[in-house]
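To start, the structure itself, in C-alpha cells.
Residue numbers begin at 1 in each chain, while the letters A, B, ... track the order of the sequences. Every value quoted in this text rests on a predicted model; they were computed, and no experiment measured them.
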Protein chains: 2
Amino acid sequence: MSLKAYGRKGMARAGLTPQRLTRAGAELADEVGFDHVTVSALARRFDVKVASLYSHLRNSHDLKTRIALLALEELADRAADALAGRAGKDALTALADVYRDYAREHPGRYAATQFRLDPATAAASAGVRHAQMTRAILRGYDLTEPDQTHAVRLLGSVFHGYVSLEMGGGFSHSAPDTQQTWSRTMDALDALLRNWPEP
Amino acid sequence: MSLKAYGRKGMARAGLTPQRLTRAGAELADEVGFDHVTVSALARRFDVKVASLYSHLRNSHDLKTRIALLALEELADRAADALAGRAGKDALTALADVYRDYAREHPGRYAATQFRLDPATAAASAGVRHAQMTRAILRGYDLTEPDQTHAVRLLGSVFHGYVSLEMGGGFSHSAPDTQQTWSRTMDALDALLRNWPEP
DNA sequence: ACATTTTCCTAATAGGTTTAGGCAAATTCC
DNA sequence: GGAATTTGCCTAAACCTATTAGGAAAATGT
C-alpha cells in the first residue's frame with residue numbers, strides 16, 4: 001500500500017519526518033515568503049493537525065532553523081559546482097551569479113539564509129563552506145593574508161547587499177537595468193582585487 | 001492636570017497619537033527587534049487596551065511602515081549632517097559611518113529601513129534623499145552618468161550588506177576585528193571610484 | 001449646560017503556538 | 001498469526017496576536 005493516504009480523512013499515517021517537513025517548509029517559504037512560514041500552514045499542506053508536527057519539530061524556531069540550514073547547504077552546493085574549474089574573474093562572477101540566481105529562483109530560501117542562527121549552529125552549518133569558497137577565489141588575486149579576510153568580507157557584503165536590495169525592490173524601476181549594474185559591478189570588483197590599495 | 005494618568009487605572013486618557021505610537025514603536029524595535037514589534041506590545045507599553053490603538057493606526061503593517069519611514073528620515077538627517085562640508089573619501093567614509101553607527105545604536109530602527117514599502121510610499125519617503133546624497137558624493141569622483149548609477153548601487157550594496165552581515169553576527173569571532181575591515185573597505189571603495197574600470 | 005466629537009473600553013471572532021494526554025496504526029517479538 | 005510495544009497523529013485546551021463593532025465617558029465647542 002502507498003504511504004500516502006488519499007485525503008487523510010480515513011486515518012492512516014501521513015509520513016511526516018523532519019526532512020520532509022523542512023523541504024516542504026522551504027517550498028512554502030518560496031511561495032509565501034520566509035516570514036510567513038508557519039507551523040500551521042505547514043500542517044495544512046500535509047493535511048494534518050498542527051499539533052502533529054510537534055513530534056517532529058521542536059517548535060517554530062526549530063523549523064525555521066532547519067530551513068535556513070537547508071538553504072545554506074543548497075547554496076554552498078551550487079557554489080561549489082559553479083567554481084569547479086574556474087579562476088580569477090571567471091570564478092568571481094560565477095560565484096556572484098550563484099547567489100543572485102538562487103535568490104531569484106528561491107526567494108524564500110534565500111531569505112532563510114539570513115535567519116539568525118545561534119553561534120554553535122552557525123559554526124556547524126554550510127556557512128563556513130561559503131567563506132572557504134570565497135577565499136579560494138581570492139587565491140587568484142594577489143592579496144596579503146589580512147587583506148584576504150577583508151576582501152572576503154567585502155565580497156560577502158556586496159553579494160548579499162546587492163541581492164538583498166534588488167529583491168527588496170531597492171533598485172526597481174530606475175534605469176539603467178540591474179543586469180547592467182550587475183555586470184559592471186563584477187568588472188569593478190575584479191579591478192579592485194587586481195589593484196588592491198595599500199593602507 | 002497632567003495628561004498622563006498614574007497607572008491608567010482610573011480612566012483619563014493616555015494621549016495616544018500616531019506620532020507618539022510610532023516613536024514608541026521605534027524604541028520598542030530597538031529593544032526587542034523590529035519583527036517582534038507588535039500592536040499588543042505597544043499597547044502594553046502605554047498601559048492601554050490593544051483595540052485602542054486602532055483609532056490611531058490602521059493596522060500592524062501601518063505601524064511598521066511608519067516606523068520604517070521614521071528611521072529613513074532619521075538616517076537621512078544624520079547623513080545630510082555628516083556630509084556637510086565634506087567631499088571625496090572623507091565624505092565617503094562619513095556616509096558609511098552614519099549607516100554603521102545608526103545600525104549599532106538603533107538596530108531595530110535600522111532593520112525597519114529594510115521593511116518593504118509599497119512603491120508609492122517608497123517614492124515619497126526619505127529613501128530618495130539617500131540616493132541623492134550618495135550621488136552627491138560621487139560627484140567628487142570622475143564617473144560617466146551610467147557608471148554613476150552603477151556606483152550608487154554598489155555603494156548601497158556594500159553599506160547595507162556589510163552592516164547587515166555584521167549585525168547578524170556574520171563576521172563575528174574571527175580575526176581581524178571588523179573595525180580594521182571597515183576602514184580597509186573604505187580605502188578599497190575610494191581606490192575603486194578613483195580608478196573605475198572601463199567595461 | 002448641552003450637543004458633538006474624540007478616545008478609550010468591552011466583547012467577539014479568527015489565527016497562530018505550544019503542551020498534555022489518548023487511541024489506533026505500525027512494528028517487533030514470540 | 002497474534003500479543004506487546006512503540007510511534008504517529010488526534011482532541012482538547014491554554015495562551016498569544018490581530019482586527020472589527022459598538023458603547024460610554026472625557027474633552028471640546030456653542
Side-chain angles (χ1 to χ4, degrees), chain A residues 1-25 28-29 31-68 108 111-112 115-116, chain B residues 1-25 28-29 31-68 108 111-112 115-116:
Chain A
M1 257 254 155
S2 144
L3 269 173
K4 176 171 227 139
Y6 310 162
R8 294 226 18 63
K9 25 187 168 190
M11 303 299 116
R13 300 189 173 179
L16 307 179
T17 66
Q19 293 71 37
R20 252 210 273 245
L21 290 170
T22 305
R23 195 139 268 303
L28 183 59
E31 290 164 25
V32 303
F34 183 63
D35 35 41
H36 291 92
V37 169
T38 178
V39 184
S40 299
L42 198 52
R44 241 172 270 134
R45 174 159 298 217
F46 280 89
D47 203 358
V48 147
K49 298 294 162 155
V50 200
S52 307
L53 301 202
Y54 284 80
S55 319
H56 307 278
L57 303 169
R58 230 192 326 291
N59 50 37
S60 180
H61 184 274
D62 180 39
L63 169 62
K64 289 185 175 163
T65 299
R66 285 169 191 268
I67 296 174
F115 187 66
R116 175 88 170 232
Chain B
M1 256 245 156
S2 143
L3 270 174
K4 176 171 229 140
Y6 311 160
R8 294 222 25 52
K9 24 190 169 188
M11 304 298 119
R13 300 189 172 175
L16 306 179
T17 67
Q19 292 70 37
R20 228 122 101 116
L21 289 170
T22 305
R23 195 140 269 301
L28 183 58
E31 290 165 25
V32 305
F34 182 63
D35 34 42
H36 290 92
V37 169
T38 176
V39 185
S40 299
L42 198 54
R44 241 171 269 133
R45 174 160 298 217
F46 280 89
D47 202 358
V48 147
K49 298 294 162 164
V50 200
S52 307
L53 301 201
Y54 284 82
S55 317
H56 307 278
L57 303 169
R58 228 188 329 289
N59 52 36
S60 180
H61 183 273
D62 180 39
L63 168 62
K64 289 186 174 163
T65 299
R66 284 168 191 268
I67 297 174
F115 186 66
R116 175 87 170 231

Review point. Between B/Leu63 (CG) and D/dT17 (P), how many Å, whole number?
Key: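 From B/Leu63 CG to D/dT17 P: 14 Å.
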
Review point. Just how far, in rounded Å, is P of C/dT17 from NZ of A/Lys64?
Key: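 Value for this atom pair: 8 Å.
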
pair [X]-[Y]: side-chain heavy atoms closer than 4.5 Å:
X: A/Gln19; Y: A/Thr22; answer: no
X: A/Val50; Y: A/Arg44; answer: no
X: A/Ile67; Y: A/Val37; answer: yes
X: B/Arg45; Y: B/Glu31; answer: yes

Review point. Do B/Leu21 and B/Leu53 pass the side chain to side chain contact (heavy atoms under 4.5 Å, CB included) test, and can you show the C-alpha distance, the side-chain angles, and the key distance before you say yes or no?
Key: CA-CA 8 Å; B/Leu21 289 170; B/Leu53 301 201; 3.9 Å; yes

Check your understanding: From B/Ser52 OG over to B/Leu42 CG, what is the distance, rounded to the nearest 0.5 angstrom?
Key ->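 Going from the OG atom of B/Ser52 to the CG atom of B/Leu42 covers 11.5 Å.
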
Check your understanding: Rounded to the nearest 0.5 Å, what separation is found between the CG atom of A/Leu63 and the NE2 atom of A/His56?
Key ->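 It is 12.5 Å, given to the nearest 0.5 Å.
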
Review point. Of all of residues 33-44 of chain B, which get a heavy atom below 4.0 angstrom from DNA chain D, listed by number?
Key: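 Contacts with DNA chain D under 4.0 Å: B/Thr38, B/Val39, B/Ser40, B/Arg44.
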
Exercise for review: Determine the interplanar angle of the B/Phe115 and B/Phe34 rings, folded into 0 to 90°, and report it as parallel if under 30°, tilted if 30 to 60°, perpendicular if over 60°.
Suggested key: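 The rings of B/Phe115 and B/Phe34 stand perpendicular, inter-plane angle above 60°.
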
Exercise for review: Under 4.0 Å from any atom of DNA chain C, heavy atoms only: list the residues of residues 49-62 of chain A that qualify, in numerical order.
Suggested key: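 Contacting residues: A/Val50, A/Ala51, A/Tyr54, A/Asn59, A/Ser60.
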
